[in-house]
Amino acid sequence: AKEDGRNTHRFFETDMGIAVNDRRELISDLRNAVANGEMELYFQPQYSLDNYAISGFEALVRWNHPTRGLVSPGDFIPLAEDTGLITQLGQWVLTEACRIAAGWPRHLRMAVNLSPRQLRGHAFGPVLIEALAKSGLRADRLELEVTESVLLTDSDEVLDALHQAKSLGVKVSMDDFGTGYSSLSYLRRFPFDKIKIDQSFVRSMAYSDDSISIVKAVIELAKNLDMTTTAEGVETRQLLDMLKDIGCNEAQGYFLGRPMPVAQAEELIFACEQS
Ligand code: C2E
Ligand code: CA
Ligand code: CA
Ligand code: CA
């Protein structure tokens, strides 16, 4: 789980079933994996609640480890962050996601997750510009998803990088909204285009009126700030209907579609185009 990622001890012993002293081996594996193309992108569809059409996809990275099998990002992203490998990995994800999206119908957007560390230093701007230029993807079809931890660093570099992205026309979303310590103050510090309401709030709407009130308030707040909302972790029809009723713009979750390899995403896109 992502939340456990910082605690590498727990993360290695429980999530991967291997000892902490394998860490070094895993790091070298990861370094090779990034260089040798063992990383793969999966894509999860996002649906507009106006018409239930697909509005875009979120790119989610997977590691196809030769002996360990498919490793989930919660298990290796923290490692990549700790070791600095995230810079190279993040660049690959961004470039690959832009390349793939450029071949898809023009109304579809592509959302890419960014780690705080990718935005530090002054390398991100040029990487972004190159990914857009090389792929030919229109900037407004790209969305960068950042969590509150990105703004936690309080560094001008990070804010500059995000402002630069916006000035290029790229969209910026606040991911996992509501899970941090001061979500509201972050909304004031950066003009996000979109708020992604965290799965924990969405899921608890099924049994908690208070949760419904909170999600309603977030949607209202977003509207007043000229931001759109996407609900994450929509696992049932009931939740989907509730979210539409209270004015959420988009939804994403297992009920609508799981993250899938590129070929399957393209079949889905094609099937939707036909109908
Ligand atoms: P996230 O950005 O919040 O992504 C959503 C996660 O929730 C994904 O897990 C997705 O598979 C999962 N999910 C989607 N719908 C549902 C649902 O209905 N129910 C449940 N239970 N889960 C759902 P995944 O792919 O394992 O990714 C975990 C986290 O790893 C992501 O959380 C993101 O923070 C990070 N991550 C993934 N890809 C990248 C990447 O390319 N770069 C960076 N920096 N981080 C990434
Ligand atoms: Ca995300
Ligand atoms: Ca999220
Ligand atoms: Ca999350």
Side-chain angles (χ1 to χ4, degrees), residues 1-6 11 15-16 30 33-34 39-47 56-64 70-98 100-101 109-120 124 127 131 142-150 158 161 171-180 183 192-206 218 229-240 243 250-261 265:
K2 178 173 153 194
E3 287 68 28
D4 303 324
R6 283 182 209 297
F11 138 72
D15 290 352
M16 298 200 65
L30 184 59
V34 175
M39 310 309 293
E40 192 179 341
L41 288 183
Y42 271 42
F43 301 92
Q44 186 177 32
Q46 303 176 322
Y47 286 79
F57 286 81
E58 177 176 2
L60 294 157
V61 69
R62 299 286 180 265
W63 179 5
N64 245 319
L70 211 59
V71 185
S72 81
D75 288 338
F76 65 84
I77 291 285
L79 187 68
E81 279 171 359
D82 289 352
T83 55
L85 274 169
I86 193 71
T87 309
Q88 202 188 338
L89 175 59
Q91 183 168 346
W92 178 82
V93 168
L94 184 66
T95 307
E96 185 69 0
C98 287
I100 289 172
R109 291 187 308 264
M110 178 66 81
V112 173
N113 292 285
L114 293 186
S115 289
R117 191 158 171 168
Q118 276 176 270
L119 292 169
R120 268 187 250 135
F124 184 72
V127 165
L142 178 66
E143 285 176 10
L144 302 176
E145 295 193 358
V146 299
T147 57
E148 292 157 15
S149 59
V150 161
V158 168
K171 307 291 179 196
V172 183
S173 310
M174 180 178 270
D175 205 352
D176 298 350
F177 184 80
T179 57
S183 309
F192 291 96
D193 297 287
K194 177 186 283 189
I195 290 176
K196 295 194 76 178
I197 305 168
D198 191 68
Q199 328 197 345
S200 56
F201 291 103
V202 173
R203 217 168 288 139
S204 59
M205 285 172 68
V218 171
T229 44
T230 300
E232 300 190 89
V234 178
E235 293 184 354
T236 63
R237 153 73 58 184
Q238 180 212 16
L239 285 173
L240 186 70
L243 288 158
E250 287 181 304
Q252 179 180 356
Y254 292 170
F255 178 72
L256 294 157
R258 290 183 176 252
M260 58 191 91

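Read the numbers this way: they start at 1 and go in the same order the structure lists the ligands and their atoms.
With a cut-off of 3.0 Å, the Ca ion (ligand 2) has no N, O or S atom of D176 in range. In summary, no N, O or S atom of T147 is located under 3.0 Å from the Ca ion (ligand 2).
A donor-acceptor pair under 3.5 Å links the side-chain atoms of Q44 to the main chain of G257, judged by distance alone. In this structure, the side chain of S115 does not engage the main chain of Q118 through any donor-acceptor pair within 3.5 Å. In this structure, the side chain of R109 does not engage the main chain of G56 through any donor-acceptor pair within 3.5 Å. A donor-acceptor distance shorter than 3.5 angstrom exists from the side chain of D193 to the backbone of V172, with no hydrogens or angles considered.
Checking Q46 against Q252 by side-chain atom types alone, a donor-acceptor pair falls below 3.5 Å.
Listed by atom number, the atoms of ligand 1 under 4.0 Å from E58 heavy atoms are 2 (O), 4 (O). Short contacts between ligand 1 and S115, defined as distances under 4.0 Å to a heavy atom of the residue, involve ligand atoms 44 (N). Atoms of ligand 1 lying under 4.0 Å from any heavy atom of V93, numbered from 1 in the order shown and given with element: 41 (O). Short contacts between ligand 1 and E235, defined as distances under 4.0 Å to a heavy atom of the residue, involve ligand atoms 17 (C), 18 (O), 19 (N), 20 (C), 21 (N).
At a 4.0 Å heavy-atom cut-off, ligand 1 touches D176 through the side chain alone. Of all the heavy atoms of D175, the ones lying under 4.0 Å from any atom of ligand 1 belong exclusively to the side chain. The part of I77 lying near ligand 1 is the side chain, judged by heavy-atom distances below 4.0 Å. With a heavy-atom cut-off of 4.0 Å, Q252 does not touch ligand 1 at all.
Using a 4.0 Å cut-off between charged nitrogen and carboxylate oxygen, K196 and E143 do not count as a salt-bridge pair.
In this structure, Q44 counts as a contact residue of ligand 1, since one of its heavy atoms falls inside 4.0 Å of the ligand. Heavy-atom distances between G90 and ligand 1 stay at or above 4.0 Å for every pair. Heavy-atom distances between R62 and ligand 1 reach below 4.0 Å in at least one pair.
Of all the listed residues (N113, V150, V146), N113 holds the heavy atom that lies closest to atom 33 (C) of ligand 1. Across the listed options G253, A59, P73, P73 owns the non-hydrogen atom lying nearest to atom 30 (O) of ligand 1. Of the candidates E81, Q118, Q199, R203, it is Q199 that places a heavy atom closest to atom 13 (N) of ligand 1.
E145 contributes OE1 as its N, O or S atom closest to the Ca ion (ligand 2).
Counting heavy atoms from C-beta outward, L60 and P73 have side chains that stay 4.5 Å or more apart.
Vertex the Ca ion (ligand 3), arms ending at OE2 of E232 and OD1 of D175: the angle is 90° after rounding to 10 degrees.
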